[in-house]
Amino acid sequence: CLAEHRWNGSYFSRGLLYFQQGDFFSSMGDISQYIKGAANQTLSEHIQKAKYHLGTLQNILGQYTEAITVLSEVISDDPENKQAYIERSI
């Protein structure tokens, strides 16, 4: 379906579904794809949410350096995001 219809938000939705199912690698792939596709759009709130989830996934998968980088970007863009501070400290 994604190959035919190319609505970028589908990647984020499917990524969250994979996350809920415990398929963290597939979730990270789809959320990363969403962030790449949405970079030129004005969906900053959605991109921030996606980056937060990406950082969380990277922590779960032991990719700590990458998680710190992504979560620091989230914090830089939204210093009031307490969850990002907590997730980055893990």
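Since the model is a prediction, treat every value here as computed from it, not as a measurement.
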Connecting only ILVMFWY residues whose side-chain heavy atoms lie within less than 4.5 Å of each other, what is the rest of Tyr52's hydrophobic cluster?
Leu71
Do you know the tightest heavy-atom contact between Asn59 and Ala67?
OD1-CB, 3.4 Å
Closest heavy-atom pair, Ser27 versus Phe19, reported as atoms and distance to 0.1 Å, is OG-CB, 3.5 Å
Please list all pairs meeting salt bridge (Lys or Arg N to Asp or Glu O under 4.0 Å) that have one or both residues in residues 52-72, counting only residues at least two apart or in different chains.
none
With side chains defined as the heavy atoms from C-beta onward, is the minimum distance between Asp30 and Phe12 less than 4.5 Å?
no
Hey, quick one: are Ile60 and Ile35 part of the same hydrophobic cluster, counting side-chain heavy atoms closer than 4.5 Å, chains of contacts allowed?
yes
For Gln20, all residues meeting side-chain contact (heavy atoms from CB on, under 4.5 Å), sequence neighbours excluded:
Leu17
Side chains of Gln58 and Val70: does their closest heavy-atom pair fall under 4.5 Å?
yes
Which pairs pass salt bridge (Lys or Arg N to Asp or Glu O under 4.0 Å) with one or both residues in residues 46-63, sequence neighbours excluded?
Lys51-Glu73
With ILVMFWY side chains joined below 4.5 Å, transitively, what does Tyr85's cluster contain besides itself?
Ile75
Test of understanding: with ring-ring contact (aromatic ring centres under 6.0 Å, His included), list the residues that count as partners of Tyr64, not counting sequence neighbours.
none
Okay, side chain of Ser32, backbone of Gly29: is any donor-acceptor separation there less than 3.5 Å?
no
Under the side chain to side chain donor-acceptor pair (under 3.5 Å) test, residues paired with Thr69 that sit two or more places apart:
none
Taking salt bridge (Lys or Arg N to Asp or Glu O under 4.0 Å) as the cut-off, I'd like each qualifying pair that reaches into residues 78-90, sequence neighbours left out, listed once.
none
Answer with yes or no after comparing the ring centroid distance for Tyr18 and Phe24 against a 6.0 Å cut-off, counting only values under it.
no
Asp23 meets the side chain to side chain donor-acceptor pair (under 3.5 Å) criterion, sequence neighbours left out, with Ser26
